[in-house]
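Input: one structure, supplied below.
Only this structure's heavy atoms are used, side chains among them; waters, hydrogens and symmetry mates stay out. For clarity, every value in this text was computed on a predicted model and none was experimentally measured.
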Amino acid sequence: AIKKQEQIVINAKESLIAKVNAISNEDNDISIKQFNDLKNEWKNAGSAGRKTDNKLWEKFNKSADRFFRAKKEVIESEITKVNELLAQLKDGQISTNEANDEIQALKNINKSKELDQLKREIISIKQKKTKEQQILKITSYINILESYLSDDIEKSDIPASIKNKLNTDSPTKSDLNNLQYACVKLELMAGLDSLKKDADLRQSIQLEMLTNKFNKSSNDLDTLEGLIAHFLNNLSKKPVAAEKNLWKRISASIEKLLS
């Protein structure tokens, strides 16, 4: 009876081996899944005797070696691709977007250290680029006074959000009250301290900002660009030292607000 039962198990396991040999899906991952499903059937097939089981098990696994060899080759190929992308990225041969597009096709190395290194390099380059763009923007905003005074506004890289708010003609005499208003309000927005002599003006602007917030109202003088334009529209083309100092304070606010 035992021999008869063992023969039944042998037949069942040889049938499973034949099924492994018949697997030929073009998608290697599907082939491996089909093999694993057959492996579960194998575990439930029973025992054909220790010695026979070992031989059959070796044959069963050997039949599946081709799937895992193919899988290994795919993984090695993808790792090689990642290393190539990393080198190209560092050399500036491809952009971060192009590298990301290439990554989408790599399906077998999601947890590899090589892919992780590539992703970290992409993030690093993006952060560096963002920082460079940030510095360029801050510099262009701070340099707007120089462009304004030299009548070179149209040729500068100042955004239209400021250019479009500038008056065609500049005043013959600066309006110091409006200049101070723009300066102190920007300091408030940037979280910077104002001079002691501006304490009353700062308190008045704070109240104005709270009132506008409560009433849910806003205007151009609630934005960085609007206040820069307001300052320039009230500045003569021949500013005195005190007015230039106000711009230095505004420059500090610009740097804080855009950082």
With the threshold set at 4.0 Å, does a side-chain nitrogen-carboxylate oxygen contact exist between R249 and D198?
->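 Yes, this pair counts.
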Quick check: does any side chain N or O of K165 sit under 3.5 Å from a backbone N or O of A229, one acting as donor and the other as acceptor?
-> no
Is it true that a side-chain atom of S236 and a backbone atom of P171 form a donor plus acceptor pair closer than 3.5 Å?
->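 No: the side chain of S236 does not pair with the backbone of P171.
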Do D175 side-chain atoms and N234 backbone N/O form a donor-acceptor pair below 3.5 Å?
->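 Such a contact is absent between D175 side chain and N234 backbone.
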Do any N or O atoms from the side chain of E98 and from the backbone of S95 form a donor-acceptor pair under 3.5 angstrom?
-> yes
Between the main-chain N or O of K126 and the side-chain N or O of T130, is there a donor-acceptor pair closer than 3.5 Å?
->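 Checking the backbone N and O of K126 against the side chain of T130, a donor-acceptor pair under 3.5 Å is found.
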Min side-chain heavy-atom separation Q180-L201 under 4.5 Å = yes
Single hit among E78, E76, K71 for side chain to side chain contact (heavy atoms under 4.5 Å, CB included) with V74 |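 Answer after filtering E78, E76, K71: E78.
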Assess whether side chain to side chain contact (heavy atoms under 4.5 Å, CB included) is satisfied between K55 and K51, documenting all intermediate values.
-> CA-CA 7 Å; K55 288 181 178 179; K51 189 175 181 180; 4.2 Å; yes
Between T96 (side chain) and I122 (backbone), is there a donor-acceptor pair under 3.5 Å?
-> no
Evaluation steps, side-chain hydrogen bond (donor to acceptor under 3.5 Å, both in side chains), between N100 and Q104 = CA-CA 7 Å; N100 270 323; Q104 303 310 311; 5.1 Å; no
Check: F67 main-chain N/O paired with N28 side-chain donor or acceptor under 3.5 Å | yes
Evaluate the side-chain hydrogen bond (donor to acceptor under 3.5 Å, both in side chains) criterion for residues K131 and Q134: first the C-alpha distance (whole Å), next the side-chain angles of each, then the deciding distance (0.1 Å), finally the verdict.
-> CA-CA 5 Å; K131 187 65 178 177; Q134 185 183 68; 3.1 Å; yes
Using the side chain to side chain contact (heavy atoms under 4.5 Å, CB included) rule, take E187 and R202 through it: C-alpha gap first, then chi angles, then the decisive distance, then the call.
-> CA-CA 9 Å; E187 287 174 334; R202 186 178 175 104; 4.1 Å; yes
Would you say the side-chain atoms of T139 pair up with the backbone N or O of I135, donor to acceptor, closer than 3.5 Å?
->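 Side chain of T139 to backbone of I135, a donor-acceptor pair under 3.5 Å: yes, one is there.
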Measure up the Y181 and H230 rings against each other and bin them: parallel (under 30°), tilted (30 to 60°), perpendicular (over 60°).
-> perpendicular
Between S63 and K59, is there a donor-acceptor pair closer than 3.5 Å when you use the side chain of the first and the backbone of the second?
-> yes
Taking only Lys NZ, Arg NE, NH1 and NH2, and the carboxylate oxygens of Asp or Glu, determine whether K185 and D222 approach each other closer than 4.0 Å.
-> yes
Atom pair NZ/CG of K256 and L192 - distance to nearest 0.5 Å =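 These two atoms lie 5.0 Å from each other.
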Is K33 salt-bridged to D29, cutoff N-O under 4.0 Å?
->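 D29 and K33: not salt-bridged.
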Show your reasoning for whether side-chain hydrogen bond (donor to acceptor under 3.5 Å, both in side chains) applies to Y141 and E255.
-> CA-CA 9 Å; Y141 272 46; E255 187 169 358; over 6 Å; no
Would V82 and S112 satisfy side chain to side chain contact (heavy atoms under 4.5 Å, CB included), going step by step from the backbone distance to the final call?
-> CA-CA 10 Å; V82 163; S112 70; 5.8 Å; no
Just checking, K237 and Y148: is the charged tip under 6.0 Å from the six-membered ring centre and within 45° of the axis?
->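 Pair K237/Y148 counts as cation-pi.
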For T80 and E84, run side chain to side chain contact (heavy atoms under 4.5 Å, CB included): C-alpha distance rounded to whole Å, both residues' side-chain angles, the deciding distance at 0.1 Å, then the answer.
-> CA-CA 6 Å; T80 298; E84 289 174 356; 3.8 Å; yes
Short question: side chain of D91, backbone of Q93 - any donor-acceptor pair under 3.5 Å?
->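 Between the backbone of Q93 and the side chain of D91 there is no qualifying donor-acceptor contact (under 3.5 Å).
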